[in-house]
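Since we're looking at a predicted model, the values are computed, not measured.
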Amino acid sequence: MCCSRVSKARVLFLAATPVILDQLLLVNQNHVLKQTFTTIASSNTSYIQDALWNHCALFRKSLYFSQNTGIHSFISLQNIYPKGFLGTSMQSRLGLSSSVSQVTSEKPTGDGLASDNAPTARDAMMIQKILKSHENSTELPSVLDKCNIQLTEDLVMNVLRRHRSDWKPALSFFNWASMQNDYKHGSRAYNEMLDILGRMKQIRLMRQTFDEIPRDIDPSIINDKTFAILMNRYAGTHKVQEAIEIFYKRREYGFELDMIGFQTLLMSLCRYKHVEEAEALFLQKQDEFPPVIKSRNIILNGWCVLGSLHDTKRVWNDIISSGCKPDLFTYGIFINALTKAGKLGSAVNLFTSMWKKGCNPDVTICNCIIDALCFKKRIPQALEIFSEMNERGCLPDVATYNSLIKHLCKIRRVQKVHELLDEMEQKGCLPNTRTYSYILKTMEKPEEVSVLLLRMERAGCRIDADTYNLILNLYLHWNYQHGVRSVWAEMKSSGLGPDQRSYTVRIHRLHSQGKLDEALQFYSEMRSKGMTPEPRTRLLVKAIHLNREKQDNSSHNSNNDAKKMNFQVNSHKNSS
């Protein structure tokens, strides 16, 4: 979707609601988003501000449709799913992360988390410190009672967001807050807590929390977003039947079994590779939910992401033979599938035929072809298409630049990379965290990282969890201990970690440096936070313990041999 397609009248009409924020975030129109947000920011409407934060916070994951392709923004969700579908947590969570940094920079706070005011942020930081210092302590409730803090849902949300990767203190605080007489959790707090538990694979606790939501006080406390979170997290733990049951449970709570909810379910299943089950459900329920092209696109893309060209072709042919006219995004998904399968020639032919048929490819399809050409080291041809895009009125977006920058970084074309970076800023297509991450990977010393981070700050681009982990890995590789400590502390204060990846890379690096005690210490801390170690990490820790047992046994045997020899010597002296 090009910027020219968003009329000013439409922007102004939607500016009073968070819907436009969804749309612009999802299509990478950062400069339009910035203008729109500036227009509505002065209203100081908490509903809009909260919606903006929710979208930004949930856009931390890379786009589901392209998570395995290396393309940052391949398919824009609002063009695949029906109107209104994007308002739920699930769609935002599966959205692209490119615009988060630019939007959150509109309301910066010292701790890196958005909040309505500075006192809320200060109170949240104080509670965060209490939770850290009294972890697993029975005294926690009494310590929190003594804080004399006026609880609001904004404050609770701020605290919970600081513990996205640490469910135990988040749940302890959530439960304590629910017991306070002058405060009751709203739908935002419940949804945030459910999502934290689900993301940390605490499914039993997630369901228990859901079942304990007091519907009698406020029936609207459970909403579409709640069901979207539950379906997504059940699918994420491969509990397919439970995800389906949650969809049908909507009726018990007064919600319709509508197309939007059904497509949310299909998307959740496909996201976690249960495409076969999703397609079976789609075919089984065609009488109840007509097989519209947007539902078909979900299944088509599910097979594409799964890497099955055979099944992708089968669904593509089914669409063609069904008489259901493929849209621009159907073409885009199929072109993506062809490029992933190494059928670049076929993809380019289909791409060029679209121009000839008058079905002009949009920026996302151009990005797919550019990225595939770059991957095959056909960068000159990719740059040629990049130039043609402007001529044909299809403006490049941040994903276009990211594809080129990514591959140019790999071949060390640093000068060209910085030319593109300058061009992005000049055209108002601001770089995102992914842009800077590609460049960070080319860094060779800490000083270079500092310079790039300053540029990120000037551009209003905030560091996300992936970037923190990348910087941590670099500092560990260089054995730059001051930087390691700083990044670790920043991750804690921002609520973006340390996560399972942070602990994994640090444990393995410490092991490679022979610092076994520290490695075991971080492993213990990781387990205490409820994080599941990778199999390779378990093997590494097991090997450390086995080696220590062997050393202890060897030392014990050596001591016994020495005692035996001393006894023999003494016996010989006495006999003499």
Side-chain angles (χ1 to χ4, degrees), residues 1-3 5 23 26-29 62-82 85-86 91 94-96 98 263 266-267 270-271 275 292-309 311-320 322 324-375 382 385-386 388-389 392-400 402-403:
M1 178 176 177
C2 297
C3 175
R5 299 184 192 177
Q23 294 177 340
L26 286 165
V27 294
N28 259 346
Q29 297 300 325
S62 61
L63 180 60
Y64 153 58
F65 286 162
S66 58
Q67 62 185 2
N68 296 324
T69 67
I71 305 169
H72 183 48
S73 62
F74 179 58
I75 300 295
S76 109
L77 295 180
Q78 83 284 9
N79 291 309
I80 294 180
Y81 307 111
F85 184 60
L86 296 171
Q91 293 74 46
L94 297 182
L96 60 97
S98 61
Q263 289 175 332
L266 294 180
M267 186 167 63
C270 288
R271 181 187 184 192
V275 188
V292 296
I293 189 61
K294 294 178 181 181
S295 297
R296 292 179 182 274
N297 283 346
I298 297 174
I299 305 300
L300 178 71
N301 190 75
W303 287 118
C304 169
V305 173
L306 204 58
S308 174
L309 182 60
D311 288 300
T312 307
K313 281 184 176 180
R314 175 179 56 78
V315 177
W316 167 268
N317 291 331
D318 288 345
I319 292 173
I320 301 300
S322 69
C324 187
K325 185 179 178 182
D327 59 18
L328 191 63
F329 308 99
T330 318
Y331 280 102
I333 294 168
F334 192 52
I335 286 175
N336 187 30
L338 291 170
T339 59
K340 285 178 63 179
K343 308 290 183 182
L344 184 54
S346 300
V348 172
N349 289 338
L350 183 57
F351 174 74
T352 54
S353 70
M354 290 180 70
W355 291 115
K356 294 175 183 177
K357 292 177 182 178
C359 180
N360 295 342
D362 65 358
V363 63
T364 55
I365 297 178
C366 293
N367 292 345
C368 180
I369 293 294
I370 287 174
D371 193 79
L373 289 169
C374 288
F375 181 76
I385 292 176
F386 175 70
E388 289 178 356
M389 289 175 67
R392 294 180 181 270
C394 182
L395 298 177
D397 62 9
V398 67
T400 319
N402 281 352
S403 290

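Between F386 and P396 there is a side-chain heavy-atom pair separated by less than 4.5 Å. Residues L395 and V363 are not in side-chain contact: their nearest non-hydrogen atoms beyond the backbone lie 4.5 Å or more apart. Annotation: side chain of Q263 is in contact with side chain of I298 (closest heavy-atom distance under 4.5 Å). You'll find the side chain of N297 reaches within 4.5 Å of the side chain of D327, heavy atoms only. The shortest distance between side-chain heavy atoms of W316 and I333 does not fall below 4.5 Å. Using a 4.5 Å cut-off on side-chain heavy atoms (C-beta onward), C368 and T339 make contact.
With sequence neighbours excluded, the residues satisfying side-chain contact (heavy atoms from CB on, under 4.5 Å) with K313 are L309, F334. Evaluation of the side-chain contact (heavy atoms from CB on, under 4.5 Å) rule for S346 yields L338, K343 as partners, not counting sequence neighbours. A search for ring pair (Phe, Tyr, Trp, His ring centres under 6.0 Å) contacts involving F375 returns nothing, not counting sequence neighbours.
Expressed to the nearest 0.5 Å, how far CZ of R392 lies from CH2 of W355 amounts to 5.0 Å. One finds the OG1 atom of T400 at 5.5 Å from the CD1 atom of I370 (value rounded to the nearest 0.5 Å). Distance check: C366 SG to E388 CD gives 9.0 Å after rounding to the nearest 0.5 Å. Note that CG of L306 is 8.0 Å distant from NZ of K340, once rounded to the nearest 0.5 Å. Annotation: the span from I293 atom CD1 to I319 atom CD1 amounts to 4.5 Å, rounded to 0.5 Å. Here the CD1 atom belonging to I369 is positioned 6.5 Å from the CD1 atom belonging to I385, to the nearest 0.5 angstrom.
For the 3.5 Å distance criterion, the side chains of N367 and N402 fail to qualify, holding no donor opposite an acceptor.
In terms of modelled atom types and a separation under 3.5 Å, the side chain of N301 and the main chain of C304 share no donor-acceptor contact. N317 contributes no side-chain N or O that, together with a main-chain N or O of I320, makes up a donor-acceptor pair within less than 3.5 Å.
Closest heavy-atom contact between G302 and V275: O-CG2, 3.5 Å. Listed here is the closest heavy atom pair of D362 and C394: C-SG, 3.7 Å.
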